[in-house]
Amino acid sequence: MYRVLLSGAAGSGKGTIARMLVREFEPFGFNYFAAGDFIRDHIARGTEFGIRAQSFLNKGEHVPDSILNGAILAEMLKAGPRVVLDGYPRNMSQLKMVEEQAPLNLVVELKVPRKVLMDRLSKQLVHPASGRAYNLEVNPPKEEGKDDVTGEPLFKRSVDQLEVARRRLEVYDKTENKVLDYYKKQNKCITLSGESSKAVFESVADVMRRDLVTTTPRTAYA
């Protein structure tokens, strides 16, 4: 078993880096699980869970654990024992559930200046129906201006959407620091500058290779 969590604010590049890692470690049987993808899928399908979740996301808030935890943990476990996690767990309640059933081996904190985050978010192209986002510099769509999955048009975020994104950054600062502090005390967390997705990928891949080829327990990261 080997589970990696990428933790970072919206615009930090979690999804891009996670997919790079899954491609690199495919021979080891790694899968990818993103809490955001799970929620967006339910919103797109108009499920009861999706409708309730959207009401919170529209305000830039996290979906409450009372609505989220049971459903998302079960889905996460389906991803298998070797997985790169994007954005879950993100608070102490979620952390407790994950650690009881699927403990994490490595946590990566992505630090990106607020100004850089907002600049990235302002340049993203979004598929409105699913919430999938693309960045022309680091994660461009396969076909210019079109969603990779549906082929439908992509749009820039509106001023209102950017305000929601700004509030999401504030929520992140308030909630996820406790999760990171927990894993730092466990010597399982490394902190990297998220300004270069390629550099982060290479650093995390080095740690994973070292862990996956040795049976010696790691006590701390260099």
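All heavy atoms count here, side chains included; hydrogens, waters and symmetry mates do not.
- For the pair N31 (side chain) and V83 (backbone), a donor-acceptor distance under 3.5 Å is absent.
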Report task. Using the salt bridge (charged side-chain N to carboxylate O under 4.0 Å, His left out) rule, take R23 and E26 through it: C-alpha gap first, then chi angles, then the decisive distance, then the call. Result -> CA-CA 5 Å; R23 284 196 297 269; E26 186 177 2; over 6 Å; no

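- A donor-acceptor distance shorter than 3.5 angstrom exists from the side chain of R120 to the backbone of G11, with no hydrogens or angles considered.
- Rounding to the nearest 0.5 Å gives a distance of 13.5 Å between OH of Y134 and CD of E144.
- Within the 4.5 Å cutoff, the side chain of L180 has heavy atoms near those of the S7 side chain.
- In this structure, CD in E109 is found 4.0 Å from NZ in K184, a value given to the nearest 0.5 Å.
- Two residues are said to be in side-chain contact when any heavy atoms from C-beta on lie closer than 4.5 Å; V108 and L6 meet this criterion.
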Report task. Please report the C-alpha distance between E24 and R209 in whole Å, then the side-chain angles of each, then the deciding distance to 0.1 Å, and finally whether the side-chain contact (heavy atoms from CB on, under 4.5 Å) criterion is met. Result -> CA-CA 10 Å; E24 178 72 13; R209 288 189 196 99; 3.0 Å; yes

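- At least one donor-acceptor pair under 3.5 Å links the side chain of R19 to the backbone N or O of G15.
- Among all heavy-atom pairs drawn from G145 and P141, the shortest one is N-CG, 4.1 Å.
- When atom types are taken as modelled, the side chain of E99 and the backbone of L104 share a donor-acceptor pair closer than 3.5 angstrom.
- Summarising the geometry, atom CD1 belonging to I17 is positioned 5.0 Å from atom CG belonging to L110; distances are rounded to the nearest 0.5 Å.
- When the shell of 6.0 Å around CZ of R82 is examined, it contains more than 12 heavy atoms from other residues, nucleotides or ligands.
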**Report entry** Y183/L95 under side-chain contact (heavy atoms from CB on, under 4.5 Å): CA gap, chis, key distance, verdict
**Finding:** CA-CA 10 Å; Y183 286 111; L95 181 153; 3.4 Å; yes

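- A perpendicular orientation is assigned to the rings of Y88 and F33, their planes being inclined by more than 60° (bins at 30° and 60°).
- For the atom pair CG of L212 and CZ of F30, the computed distance is 5.0 Å after rounding to the nearest 0.5 Å.
- A single hydrophobic cluster is not seen to contain both I43 and I51; linkage of ILVMFWY side chains at heavy-atom distances under 4.5 Å, directly or through other members, places them apart.
- Between the CG atom of L117 and the CD atom of E195 there is a distance of 9.0 Å, given to the nearest 0.5 Å.
- Contact check on D41 versus R45 returns a salt bridge, with a Lys/Arg side-chain nitrogen under 4.0 Å from an Asp/Glu carboxylate oxygen.
- The cluster map of Ile, Leu, Val, Met, Phe, Trp and Tyr, joined by side-chain heavy atoms under 4.5 Å apart, puts V149 and V126 in different clusters.
- Taking the six-membered ring where the residue is Trp, F28 and F25 present tilted rings, their angle falling between 30° and 60°.
- Ring geometry for F38 against F49 counts as tilted: the plane angle lies between 30° and 60°, on a 0 to 90° scale.
- Of all heavy-atom pairs between S193 and V200, the closest is O-CG2, 3.1 Å.
- When all heavy atoms of A205 and L21 are compared, the closest pair comes out as N-CD2, 4.0 Å.
- Here the shortest heavy-atom pairing between L5 and P89 reads CD2-O, 3.8 Å.
- When side chains are defined from C-beta on, N105 does not count as touching D211, because their heavy atoms never get closer than 4.5 Å.
- Looking only at distances, no side-chain donor or acceptor of D147 sits under 3.5 Å from a matching main-chain atom of E152.
- In this structure, CG in L125 is found 14.0 Å from NZ in K146, a value given to the nearest 0.5 Å.
- Salt bridge status for D181 with K178: absent, with no side-chain N to carboxylate O gap under 4.0 Å.
- Between the side chain of K14 and the main chain of G87, no donor-acceptor pair closer than 3.5 Å is present.
- The closest donor-acceptor contact from the side chain of Q94 to the backbone of R90 lies under 3.5 Å.
- Contact annotation: the side chain of I39 approaches that of L68 to within less than 4.5 Å [non-hydrogen atoms, C-beta and beyond].
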